[in-house]
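Lettering of chains follows the sequences in order, A, B, ..., and the numbering in each one begins at 1. As the structure is a prediction and not an experimental result, all values here were calculated from the model.
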Amino acid sequence: MPKISITLPDGSVKKYDQPVTGEALAADIGPGLAKAALAVRINGELKDLYLPIESDAEVAIITAKDEASLELIRHDCAHVMAQAVQELFPGTQVTIGPVIEDGFFYDFARPEPFTEDNLAVIEKRMHEIVDRDLAIRRQVWERKKAIKHFKKIGEAYKAEIIGDLPGDEEISIYSQGEWLDLCLGPHLTSTGKVGHAFKLLKVAGAYWRGDSRNQMLTRIYGTCWHQEKDLQAYIERIAEAAKRDHRKLGQQMDLFHFQEEAPGAIFWHHKGWALILQLVEYMRARNQKAGYEEISTPEILDRALWVTSGHVEKFGEDMFYTSTPDGREYVIKPMNCPGGLQVYNKGIKSYRDLPLRVAEFGKVHRFEPSGALHGLMRLRAFTQDDAHIYCTEAQLQDECITVTRLILDIYKDFGFEEVTIKFSDRPPQRIGADEVWDRSEAALLKAIEATGSDFSHSPGEGAFYGPKLEFVLRDAIGRDWQCGTLQVDLNLPERFDATFVGPDGERHRPVMLHRALFGSLERFAGILIEHYAGHLPLWLAPVQTVVATITSDADVYARQVHGKLVAAGLRSESDLRNEKINYKVREHSLAKVPALLVVGRNEAENSTVSIRRLGAKEQQILPLDEAVAALQAEARMPGCPAKGA
RNA sequence: GCCGGCAUAGCUCAGUUGGAAGAGCACCUGAUUUGUAAUCAGGGGGUCGCGGGUUCGACUCCUGCUGCCGGCACCA
């Protein structure tokens, strides 16, 4: 009587008298599969191919076609790299080497860190180890023996990891040839299965266990694919992202610059500023439609106010300070809310005033760690499209839903269709009663539900003063950017003693919400530049049209065309230089001007323009007035009624 | 902040073992009046990031600082 029955993915069942390995099972199904087999999935869990299956199970043979197999070869590739490193650089300790998106890394402890120059040598040795086709085998060791072994060979970090594993966990050690590593597995059956489609990408420092108080290790990043063409495609993908880099495009398009005297702050040139102004105009219109008022509060406020708000205590090390000759100490605001609360507190608020929605395009300064600065994406001086909503607890739910809908709707206008929401709830250290946290968290969750959005839960990641939602959008090449945020604040209304008079004639504490949609205008501009690869849609483009002449005979007409475009509200420039049209086309194309209006003798005589759109090879000849009207219509801000309409 | 790398003309980058700072583009001048991604010729332009040191001599070697780049940590 067969003892073990194996159910395959197609529903068929194979029966065996004794335990069977994944290898044997694959061979039993077919020689092609035996050759392609990389691992097995037993009851949903990935396992090594050579381990016996002891009891009835649902089993699938994993081959290169399975998504999971990429993780396997990347993990093995990390091990091959670790082996190569230890062969080449004796005395280097291994720590951890996980699979990450598109690749893997391994962290090493070594007095002398690796540099990029070492990568080629390590890569070469890795290819040799793959060619050795070493069998990879799993062993289970007794805990004490494992710790003793790793200590003996000088692997203090590995010994520490084993010591910290839960008591009931098996200590599995994988060997490939002479080389051993502690690892949960599973792995391929031999180093040969890794193949040669891998590449080491960069070296970096990384703290042991991700804690900046610990020793810094040296990390090597790599990527690994089944086939060379996949590797090449990945390398091209990285190159494509580099081409979109907003710092590079920002220079090419003459949008902004940075310089040493203002680390983390930006000099906007007029074209870049035009983009920012357009974002502000858009958000103002949306705010106005959504029932917001707008205020503006001082950028420099007495330090005492920041003591009251709690910022000095909590973020004192991360703020800009300034003092005046009269000896007063000020803080350059890192947030708009304390200033906003001063406006709220001026005069007495009634429950009839709520919900009160107050927007502020506030420029804030934060003394970010120098290593965190990154173009427009992480600045020390940036502008928030901030707003604070003061409401009653009863209104909290509706306000959360309305804000969430507004955010999602606005992202669509910028071509971001895929948005996920991150929900962060109460951290261990917090202020406020648990019942209030219960209600606040429930309100945010309900808002997610009401919009039917995808969301992820980050337990304990909320701010100390309240839970929050963070809105993450996916750009044209699949990268995620966290932009918008909606936070409940249980702290500041208390600290500044904000109140409203209720129907009962008593003073009550309002609930305060913080919300930003773009987050930072500068950062959002950077994201847009990368999302569109500089090809901003007409309504956002800094220079929307350029009128370029073919000969100087058309100069007078070109001025007339340009004048009409400007009168129609378009950001237009004219190019009457004594240059060939090829030269002009090339130059304005590189500057990412969306619409080039070429005029020569023909156009001047017929009152037409030849429109060449960015990226197109063909032109379109249109009567001047028709062309202006069409461009004007296209340049209209989405989501808002036309001005004066 | 931490680890590593980088810093030469407005931009992109060359610059050998330490021995007189270069190219292309851009800019200026002139010629050319041109039909959809670079017309030709000439010219001007440098504290080689900043400061110290070694040396007869430093863009080059050593060192401190600043900024930037790639990560890590941080991100109210």
For the side chain of [X], starting at C-beta, report the closest nucleotide among [options].
X: A:T115; options: B:G4, B:U36, B:A76; value: B:G4
X: A:Q251; options: B:C11, B:U36, B:A76; value: B:C11
X: A:S610; options: B:G35, B:U66, B:A73; value: B:G35
X: A:Q619; options: B:U36, B:U66, B:A76; value: B:U36
X: A:L373; options: B:C68, B:G35, B:A38; value: B:C68
X: A:Y221; options: B:A73, B:A38, B:C72; value: B:C72
X: A:E260; options: B:C75, B:A73, B:U66; value: B:U66
X: A:A204; options: B:U33, B:C27, B:G71; value: B:G71

Just checking [X]: base, sugar-phosphate only, or nothing, at a heavy-atom cut-off of under 4.0 Å?
X: A:R612; value: base
X: A:A206; value: sugar-phosphate
X: A:S370; value: base
X: A:E579; value: base
X: A:I550; value: base
X: A:K202; value: sugar-phosphate
X: A:P334; value: base
X: A:G210; value: sugar-phosphate
X: A:F105; value: nothing
X: A:E116; value: nothing
X: A:T551; value: base
X: A:P113; value: sugar-phosphate
X: A:A372; value: base
X: A:R213; value: nothing

Please check this pair: side chain of A:R366 against backbone of A:P334, looking for a donor-acceptor N/O pair closer than 3.5 Å. yes

Looking only at atom types and distance, does a side-chain atom of A:K468 sit under 3.5 Å from a main-chain N or O of A:A463, one as donor and one as acceptor? no

So is A:R74 actually on top of A:W225's ring, under 6.0 Å and inside 45° of the axis? yes

Can you tell me the base-pairing partner of [N]? Count Watson-Crick or G-U wobble geometry only, both distances below 3.5 Å, and say none if there is no partner.
N: B:G57; answer: none
N: B:U12; answer: B:A23
N: B:U36; answer: none
N: B:G51; answer: B:U63
N: B:C2; answer: B:G71
N: B:G18; answer: none
N: B:G42; answer: B:C28

Can you tell me, in whole Å, how much space there is between the [atom1] of [N] and that of [M]?
N: B:U12; M: B:U8; atom1: P; answer: 9 Å
N: B:C48; M: B:A20; atom1: P; answer: 16 Å
N: B:C13; M: B:C6; atom1: C1'; answer: 14 Å
N: B:U47; M: B:G43; atom1: C1'; answer: 24 Å
N: B:G15; M: B:G22; atom1: C1'; answer: 7 Å
N: B:C40; M: B:G53; atom1: P; answer: 50 Å
N: B:G10; M: B:G4; atom1: P; answer: 32 Å

Does a distance-only test, which skips hydrogens and angles, find a donor-acceptor pair under 3.5 Å between the side chain of [X] and the base of [N]?
X: A:S589; N: B:U36; answer: no
X: A:Y207; N: B:G1; answer: yes
X: A:E603; N: B:G35; answer: yes
X: A:R378; N: B:C74; answer: yes

Give a yes/no on whether any side-chain N or O of A:H374 is located under 4.0 angstrom from OP1 or OP2 of B:G70. yes

Can a side-chain donor-acceptor contact be found between A:E522 and A:T383 if the only test is distance below 3.5 angstrom? yes

Among side-chain atoms of A:H457 and A:D425, is any donor-acceptor pair under 3.5 angstrom? yes

For the atom pair CG (A:L341) and CZ (A:F496), what is the distance rounded to the nearest 0.5 Å? 6.5 Å

Give the intermediate values and the outcome of ring pair (Phe, Tyr, Trp, His ring centres under 6.0 Å) for residues A:F108 and A:Y106. CA-CA 6 Å; A:F108 302 97; A:Y106 214 114; 5.2 Å; yes

Beyond-backbone contact of A:E461 with A:F423, side-chain heavy atoms, under 4.5 angstrom: no

Stacking between A:F315 and the base of B:A76 (centre distance under 5.5 Å, interplanar angle under 30°)? yes

If you assign each of A:N602 and A:M216 to its closest nucleotide in RNA chain B, which residue comes earlier from the 5' end? A:M216

Can you spot which of A:L492, A:D489, A:N336 makes a side-chain contact (heavy atoms from CB on, under 4.5 Å) with A:H388? A:N336

